[in-house]
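What follows is one structure encoded as structure tokens, with my remarks underneath.
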Protein chains: 2
Amino acid sequence: MGKNVTIYDVAREAGVSLATVSRVINGSSVVKPKTRDKVLEAIQRLDFKPNQIARGLATSKTTTIAIVFPQSLFAHVKDMIGGIGDTSRRLDYSVSIYTTDEIGDGNPIETVIEKVVKSRADGVILFNNEEIEKEITLVNKYKIPAVVIGTRVTGDYMGSIFADAKKIAYEVVDRYLAQDKSDILFVSPKQNLINVEEMIVGIQEAYQKYHMNFDATKQVVRTSSHYEKSYPQFLEYFKNHKHDLVFTSYDKEAVAVVNAAIDNGIQVPDEMDVIGMMNTSYALICRPSLTSIHVPVYDMGALAVRLLTKILNEEEIEDKAVVIQHLLMPRDTTKKDF
Amino acid sequence: MGKNVTIYDVAREAGVSLATVSRVINGSSVVKPKTRDKVLEAIQRLDFKPNQIARGLATSKTTTIAIVFPQSLFAHVKDMIGGIGDTSRRLDYSVSIYTTDEIGDGNPIETVIEKVVKSRADGVILFNNEEIEKEITLVNKYKIPAVVIGTRVTGDYMGSIFADAKKIAYEVVDRYLAQDKSDILFVSPKQNLINVEEMIVGIQEAYQKYHMNFDATKQVVRTSSHYEKSYPQFLEYFKNHKHDLVFTSYDKEAVAVVNAAIDNGIQVPDEMDVIGMMNTSYALICRPSLTSIHVPVYDMGALAVRLLTKILNEEEIEDKAVVIQHLLMPRDTTKKDF
DNA sequence: CTGAAAGCGCTAACAA
DNA sequence: TTGTTAGCGCTTTCAG
């Protein structure tokens with residue numbers, strides 16, 4: 001659509017060479033104030049907007065970072081997009097989104113990463129998911145600097161931001177076991193930002209501390225991340241089940257548990273405690289309101305971008321694997337004294 | 001990071017000119033099968049990934065669309081990103097996100113649109129919000145093809161996708177007025193994807209039909225889109241208020257109303273009906289479950305991309321303003337006979 | 001302090 | 001059917 005004004009136009013208008021224009025738009029300090037003003041004025045008059053594409057070609061830098069995640073993880077990612085967006089904007093990066101596992105047309109992760117490669121994004125932010133290993137292998141193969149959110153990774157030009165999943169799980173389970181409440185059920189969907197395997201390890205370690213055993217085959221139930229699926233599943237389940245604690249890896253699943261339990265006449269928290277994770281609005285809205293583990297997702301997004309740009313600029317980095325802190329938010333699905 | 005293989009490398013490897021390589025990667029039909037195979041093989045061997053940036057410079061096309069929205073609208077936009085992402089991928093476009101009104105560093109819409117201009121995105125998707133007029137003026141000024149979601153707009157190289165806000169509001173209010181229930185409260189946050197002004201017009205028209213008057217100064221309450229703010233507001237409000245119906249422009253606000261009303265001893269739906277909008281998971285999770293207006297947000301995203309690409313390709317377009325259908329989903333916050 | 005000129009990697013006439 | 005060549009709009013030496 002329409003002719004765009006180029007650096008040549010500005011040069012002509014200002015009566016200088018294009019090299020000079022380039023210098024002023026890049027803030028070079030060597031250009032004489034008077035010339036600079038002339039150029040600036042021409043830029044203003046012509047409403048010149050430097051073409052990032054051309055600049056990208058010339059510099060082999062796009063100042064763009066890509067974020068790639070499966071659609072199913074979107075609920076988690078969305079809360080981070082705030083931090084990712086704000087921070088990239090502040091650091092003058094654009095962000096492009098690439099999603100995987102959409103409906104229908106089988107879109108293997110290879111294809112998605114290939115798109116990222118073609119786009120020449122400077123770096124990429126990945127999110128923990130089932131295929132994360134493969135994703136990491138691919139970004140390494142193409143030497144794309146990356147930071148992954150949700151699980152620890154190591155490697156050149158790689159960083160990671162994550163909550164200590166093992167510790168989170170250990171802490172809550174320990175609390176219950178200390179009170180002799182060992183009938184604990186752990187609920188998790190397949191895709192999860194927090195490393196579920198590690199959480200299970202944390203739970204097991206807590207049981208070991210009390211010389212007890214956590215039976216993952218019976219005390220872990222998988223569920224859908226869609227309430228329409230998980231709620232009916234638990235409505236059935238709680239017809240003949242009750243636990244000291246049901247601990248879920250995401251609030252939405254916890255709400256399904258709470259509602260299904262209550263609908264089966266189980267008093268929450270009097271007869272059963274429920275704890276969710278991520279401290280989302282679901283936890284606030286739920287009745288009774290849901291006790292949840294707060295994880296600063298906005299900050300994780302912001303940190304991820306910052307870390308990635310440090311890697312890109314080869315800045316000094318204290319630690320390329322940053323553990324973010326979590327916090328238990330007690331509400332009404334756990335007993336007062338808990 | 002590291003040298004990328006270029007079209008020259010492939011040409012040399014295959015023993016042809018770079019023009020031929022360009023032809024095969026662009027699927028030109030004029031190249032002899034045998035040559036094509038040679039080239040394809042070289043591409044394979046070298047793992048060549050065409051540089052989109054260079055291609056963008058050469059063609060003045062980036063096959064990228066930008067989506068810009070205020071952070072505060074993210075809750076709405078997120079549900080559309082699925083449709084936007086899937087559809088752009090299918091049509092071979094990338095999507096870049098640009099958010100406005102983040103914390104702190106005042107980021108006027110002009111600056112954001114300027115970034116879009118510099119990025120040379122082929123087109124942009126905008127979302128109805130307080131500043132939409134200004135946004136439209138800007139994209140017109142820079143002649144960026146655009147489609148806006150959430151409100152009707154007209155113009156060259158512009159399209160829009162929206163629900164009929166006036167009709168939605170008219171229909172629900174009409175239902176109540178027909179039953180002599182005219183004490184209706186309309187609740188809305190400032191930013192909303194659905195055009196709130198139009199909804200109010202729809203409500204007013206319904207009242208007029210019954211020769212009654214809807215007093216916008218008293219029957220409309222503004223609230224925050226944060227539950228932490230809206231719930232306390234309504235907790236206070238319902239100490240001395242009760243209505244036939246509380247109708248909100250988004251489910252989350254409706255849930256705040258439901259919870260606050262119940263906490264003040266108001267029976268929902270026996271004493272007061274509540275209806276939300278967008279039919280989100282909040283509606284399902286809420287107790288009692290929330291009656292809501294379903295709007296196919298995924299499809300809106302998908303349609304927006306499709307429409308935008310039609311505009312970009314100057315394809316035949318039946319209607320550049322497409323109204324999407326809504327549907328009332330009755331649940332437990334409205335009386336059975338309603 | 002400023003200008004000339006050589007790319008960056010690819011597309012698209014135009015020739016052959 | 002294939003190759004040659006001139007850009008696309010900008011950055012960046014290298015001279016001056």
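So that the names make sense, note that chain A is the first sequence line, chain B the second, and so on, each numbered from 1. All values reported here derive from a predicted model rather than from experimental measurement. Atoms considered below: every heavy atom in the structure, side chains included; atoms not considered: hydrogens, waters and symmetry mates.
Atom CG of D47(A) and atom CG of D9(A) lie 12.5 Å apart (nearest 0.5 Å).
Close to dG9(D), at under 4.0 Å from its OP1 or OP2, lies no side-chain N or O of N4(A). Phosphate contact (OP1/OP2 of dG9(D), side-chain N/O of T6(A), threshold under 4.0 Å): absent. Of the side-chain N and O atoms in S60(B), none sit less than 4.0 angstrom from OP1 or OP2 of dC8(D). Under 4.0 angstrom from either OP1 or OP2 of dT11(C) there lies at least one side-chain N or O belonging to S22(B). A close approach under 4.0 Å does occur between a side-chain nitrogen or oxygen of T20(A) and OP1 or OP2 of dG3(C).
Judged by distance alone, with hydrogens and angles left aside, Y8(A) brings no side-chain donor or acceptor close enough to the base of dC8(D) to form a pair under 3.5 Å.
R120(A) is not listed as a side-chain neighbour of Q52(B), based on a closest heavy-atom distance of 4.5 Å or more. Taking the side chain as every heavy atom from C-beta outward, I324(A) and D299(A) never approach each other to under 4.5 Å. Two residues are said to be in side-chain contact when any heavy atoms from C-beta on lie closer than 4.5 Å; V10(B) and E13(B) fail this criterion. Residues N51(B) and T6(B) form no side-chain contact, since every pair of their non-hydrogen atoms from C-beta on lies 4.5 Å or further apart.
Remark: P of dC10(C) and CD of Q52(B) are 10 Å apart, rounded to the nearest angstrom. Rounding to whole angstrom units, CG of residue N26(B) and P of dC10(C) are separated by 11 Å. Here dC1(C) presents its P atom at 11 Å from CZ of R23(A), a figure rounded to the nearest Å. If you take NZ of K61(B) and C1' of dA12(C), they are 12 Å apart, rounded to a whole angstrom. Rounding to whole angstrom units, CZ of residue R12(A) and C1' of dG3(C) are separated by 16 Å. Rounded to an integer number of Å, the gap from CG of L18(A) to P of dG7(C) is 16 Å. In this structure, NZ of K38(B) is placed 8 Å from P of dG3(D), rounded to the nearest angstrom. Residue R55(A) contributes atom CZ, which lies 18 Å from atom C1' of dG9(C) at whole-angstrom precision.
In the set dT2(D), dC10(D), dT11(C), dT11(C) carries the atom at the smallest distance from any side-chain atom of A58(B). The side chain of L57(A) approaches dG9(D) more closely than any other nucleotide in the set dG3(C), dC10(C), dG9(D). The S17(A) side chain lies nearest to dA4(C) when the options are dT1(D), dA4(C), dT11(D). Which of dC10(C), dC8(D), dC10(D) sits closest to the side chain of N51(B) comes down to dC10(C). You'll find that the side chain of F48(B) is closest to dC10(C), out of dG3(C), dC10(D), dC10(C).
In terms of position along DNA chain D, the nucleotide closest to K34(B) lies nearer the 5' end than the nucleotide closest to the other residue of the pair K34(B) and A54(B).
The residue I53(B) sits apart from the nucleic acid: no heavy atom pair falls under 4.0 Å. Among the atoms of the strands shown, only primed sugar atoms or phosphate atoms (P, OP1, OP2) are found under 4.0 Å from some heavy atom of V31(B). Counting any heavy atom pair closer than 4.0 Å across all strands shown, V16(A) reaches sugar-phosphate atoms only and no base atom.
When L308(A), L307(A), I311(A), N140(A) are each tested for a side-chain contact (heavy atoms from CB on, under 4.5 Å) with M158(A), only one passes: N140(A).
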